[in-house]
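Below: the structure, in structure tokens.
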Amino acid sequence: MIFGTQKNPKGPSFGKSRTINKNISGHSLKFSAPPSKDPFSNIESWEDEPDDIDLLDKNSYKPTEISDSDINKHLLWSRIYSNIWEFRGLPIIDGYCGSLTMLINLHEVDDLPVNESLLKDEILTKEAIRILQISNARDFNTGISYDPFDLTEHQWPSHIGPLNLQWVTLNNNEWLYFENQPLVENKNQYLWHIAIDEKHYLRCIFSIKRSAMNAGNPFRIENHVSKDNFLDFMYKIMETMEVNLSAESASRKPTAQSHQAGNKRPHYKLTPDQIEEAKHVMYMWSAKGFTENGKDENSDHRASPEDVSAFIENYLQPRLLPGGHPPSNSLNLDYNECKQKTSTTA
């Protein structure tokens with residue numbers, strides 16, 4: 001299509017893609033992506049990360065930003081790729097409709113129990129969820145109350161996840177995939193993970209930020225700007241993604257996988273309390289940046305609790321990606337267990 005619309009925004013041409021190669025201490029990462037098209041950010045340069053990465057270079061890593069210093073030194077990460085593309089609707093009428101940011105981080109986990117390995121699906125899943133929960137636990141918003149006598153300073157979560165967790169086969173690689181749904185701001189995250197050795201894994205983060213007039217929150221934006229073209233663009237990139245492990249890691253992976261009971265893959269279940277809290281937060285913020293037609297500006301412009309609840313319940317339903325495999329057993333981990341692990345690990 002020559003022009004997009006607000007409902008169907010047009011992104012960059014994938015025909016302009018070129019091959020990106022990364023050498024990570026004997027592991028190779030190869031994929032295709034178009035050049036950057038940055039709409040508004042203040043980042044001066046994208047794709048300026050080195051093509052050769054040394055896993056043992058501690059100076060290239062940053063600590064995960066959490067309060068416990070003991071955990072900081074065990075959970076390290078390094079940015080190895082970054083890019084951004086804008087999506088637009090009709091010129092002048094719609095204009096900018098959003099952007100897709102792609103980040104690839106290299107994570108090092110240095111506090112695994114003896115004889116445990118990220119090459120084992122269960123361990124990779126736990127660590128991927130741990131990082132997500134750490135990020136979400138630090139991202140709270142100050143809750144609002146319409147009761148003039150309620151002086152409590154509520155702390156509400158700004159996201160709910162992981163959602164739609166599954167394993168996806170791409171170019172003979174197995175990726176752990178899940179999503180992170182915003183409850184306040186318009187920024188959806190789609191995360192892909194793959195282990196490259198016992199202590200290191202790659203985390204590909206695709207962030208979709210959509211924009212429209214009179215749709216300033218995650219519930220209302222769904223009726224204005226579709227995610228479909230953003231997601232299609234993400235899939236096109238991931239379909240080109242190839243990871244080749246070093247000979248040493250490739251030889252160790254079958255042994256690590258053989259220790260999984262019945263060769264079953266792990267899963268994660270949100271608790272009922274997490275789900276109900278997410279419904280409440282999204283409902284309470286459903287008037288942010290939104291005015292319902294025909295209502296006085298001092299009226300309540302929130303959506304109905306039933307509509308928000310239905311949206312969350314629908315999002316919780318599994319949606320298999322091409323090449324996706326549903327996880328076949330449960331880790332029975334909830335938020336409190338993940339939080340306990342991050343605060344007691346030494």
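Residues Asn188 and Lys227 have side chains in contact (heavy-atom distance under 4.5 Å, counting atoms from C-beta outward). Between Lys22 and Glu49 there is a side-chain heavy-atom pair separated by less than 4.5 Å. When side chains are defined from C-beta on, Thr125 does not count as touching Glu122, because their heavy atoms never get closer than 4.5 Å. In this structure, the side chains of Leu270 and Leu163 come closer than 4.5 Å at one or more pairs of heavy atoms. Counting only heavy atoms from C-beta outward, the side chains of Pro182 and Trp285 never approach each other to under 4.5 Å. You'll find the side chain of Pro162 stays beyond 4.5 Å of the side chain of Asn180, heavy atoms only. Lys62 has its side chain out of reach of Arg79: every pair of non-hydrogen atoms, C-beta onward, lies at least 4.5 Å apart. Here the side chains of Val281 and Met284 are not in contact, with every heavy-atom distance at 4.5 Å or above.
Between Lys253 and Glu174, none of the side-chain N atoms (NZ, or NE/NH1/NH2) sits under 4.0 Å from a carboxylate O, so this pair counts as no salt bridge. Looking at Arg18 and Glu47, a side-chain N of the basic residue comes within less than 4.0 Å of a carboxylate O on the acidic one, giving a salt bridge.
Residues passing the salt bridge (Lys or Arg N to Asp or Glu O under 4.0 Å) test with Lys187: none are found, sequence neighbours excluded. Scored by the side chain to side chain contact (heavy atoms under 4.5 Å, CB included) test, Thr101 finds Trp46, Ile84, Leu103, Ser207 as partners (sequence neighbours excluded). Residues passing the side chain to side chain contact (heavy atoms under 4.5 Å, CB included) test with Asn23 are Asp52, sequence neighbours excluded.
The shortest heavy-atom contact between Pro9 and Val225 is CG-CG1, 3.9 Å. In plain terms, the two heavy atoms of Ser299 and His301 that are nearest each other are O-CD2, 3.0 Å. In this structure, Leu75 and Arg130 approach most closely via the heavy-atom pair CD2-NH2, 3.5 Å. Counting all heavy atoms, side chain and backbone alike, Tyr61 lies closest to Leu55 at OH-O, 2.9 Å. Of all heavy-atom pairs spanning Glu198 and Leu112, the tightest one is O-CD1, 3.4 Å. In this structure, Leu100 and Phe230 approach most closely via the heavy-atom pair CD2-O, 3.9 Å.
Remark: the backbone N or O of Glu108 is not paired with any side-chain donor or acceptor of His200 at under 3.5 angstrom. Using a distance-only test at 3.5 Å, with no hydrogens or angles considered, a donor-acceptor pair links the side chain of Trp85 to the main chain of Pro35. When atom types are taken as modelled, the side chain of Asn214 and the backbone of Arg220 share no donor-acceptor pair closer than 3.5 angstrom. Judged by distance alone, with hydrogens and angles left aside, the side-chain atoms of Asp57 form a donor-acceptor pair with the main-chain N or O of Asn59 at under 3.5 Å. Remark: the backbone N or O of Tyr201 is not paired with any side-chain donor or acceptor of Arg203 at under 3.5 angstrom. A donor-acceptor distance shorter than 3.5 angstrom exists from the side chain of Ser249 to the backbone of Ile196, with no hydrogens or angles considered. Under a 3.5 Å cut-off, the side chain of Asn244 and the backbone N or O of Ser28 do not form any donor-acceptor pair. Checking side-chain atoms of Gln166 against main-chain N and O of Arg319 turns up a donor-acceptor pair under 3.5 Å. Not a single donor-acceptor pair under 3.5 Å links the side chain of Ser36 to the backbone N or O of Asp38.
More than 12 heavy atoms of other residues, nucleotides or ligands lie within 6.0 Å of NZ in Lys288, so this atom counts as buried by the packing criterion. For Lys37, the NZ atom is loosely surrounded, since the number of other residues' heavy atoms within 6.0 Å does not exceed 12. Annotation: Asp296, atom CG; neighbour count of heavy atoms from other residues, nucleotides and ligands within 6.0 Å is above 12. Applying the 6.0 Å contact sphere to NZ of Lys199 captures no more than 12 heavy atoms from other residues, nucleotides or ligands. Within 6.0 Å of atom CG in Asn115, 12 or fewer heavy atoms from other residues, nucleotides or ligands are found, so the atom counts as exposed in its surroundings.
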Check your understanding: Given Leu202 and Asn105, is the side-chain contact (heavy atoms from CB on, under 4.5 Å) satisfied, shown in steps?
Key -> CA-CA 6 Å; Leu202 300 178; Asn105 293 343; over 6 Å; no
Exercise for review: Verify side-chain contact (heavy atoms from CB on, under 4.5 Å) between Leu118 and Asp197, making sure each step is shown before the conclusion.
Suggested key: CA-CA 7 Å; Leu118 289 171; Asp197 65 20; 5.6 Å; no
Review point. Passes side-chain contact (heavy atoms from CB on, under 4.5 Å), His224 versus Arg210? Steps please.
Key: CA-CA 9 Å; His224 290 74; Arg210 291 172 289 169; over 6 Å; no
**Study point:** Derivation and outcome, side-chain contact (heavy atoms from CB on, under 4.5 Å), residues Asn229 and Lys10
**Key:** CA-CA 7 Å; Asn229 287 350; Lys10 184 178 185 295; 5.9 Å; no
**Study point:** Criterion salt bridge (Lys or Arg N to Asp or Glu O under 4.0 Å) on Lys236 and Glu239, from CA distance to verdict
**Key:** CA-CA 5 Å; Lys236 286 179 181 178; Glu239 285 171 354; over 6 Å; no
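For the side chain to side chain contact (heavy atoms under 4.5 Å, CB included) with Ile24, the lone residue among Leu245, Leu106, Asp51 that qualifies is Leu106.
At a cut-off of 3.5 Å, with distance as the only test, no side-chain donor of Glu185 or Ser158 sits close to an acceptor on the other residue. Side chains of Tyr268 and Gln133: a donor on one and an acceptor on the other come within 3.5 Å. Side chains of Ser304 and Asp307: a donor-acceptor N/O pair is present below 3.5 angstrom, by distance only. For the residue pair Asn164 / Glu179, a side-chain donor-acceptor distance below 3.5 Å is found, with atom types taken as modelled. Donor-acceptor pairing under 3.5 Å is recorded for the side chains of Lys279 and Ser309.
Tyr315 and Phe311 have perpendicular rings, their planes meeting at more than 60° on a 0 to 90° scale where under 30° would count as parallel. Between Trp192 and Trp175, the angle of the ring planes goes over 60°, which puts this pair in the perpendicular group of the 30/60° scheme.
Side-chain rings of Phe40 and Tyr96 approach one another, their centers coming within less than 6.0 Å. Remark: aromatic rings of Phe219 and Phe290 are distant, center separation not under 6.0 Å.
In this structure, Leu320 is not a member of the same hydrophobic cluster as Met238, with clusters built from ILVMFWY side-chain heavy atoms closer than 4.5 Å.
Considering OH of Tyr283 and CZ of Arg302, their distance stands at 3.5 Å, rounded to 0.5 Å. With rounding to the nearest 0.5 Å, the separation of SG in Cys97 from CD1 in Ile221 is 8.5 Å. Atom CD in Glu127 sits 11.0 Å away from atom NE2 in His193 (nearest 0.5 Å). A distance of 5.0 Å separates CZ in Phe206 from CD1 in Ile237, rounded to the nearest 0.5 Å. Of the inter-residue distances, the one linking Lys16 atom NZ with Ser32 atom OG reads 15.5 Å to the nearest 0.5 angstrom. Taking CD1 of Ile131 as the start and CD1 of Ile205 as the end, the distance is 10.0 Å to the nearest 0.5 Å.
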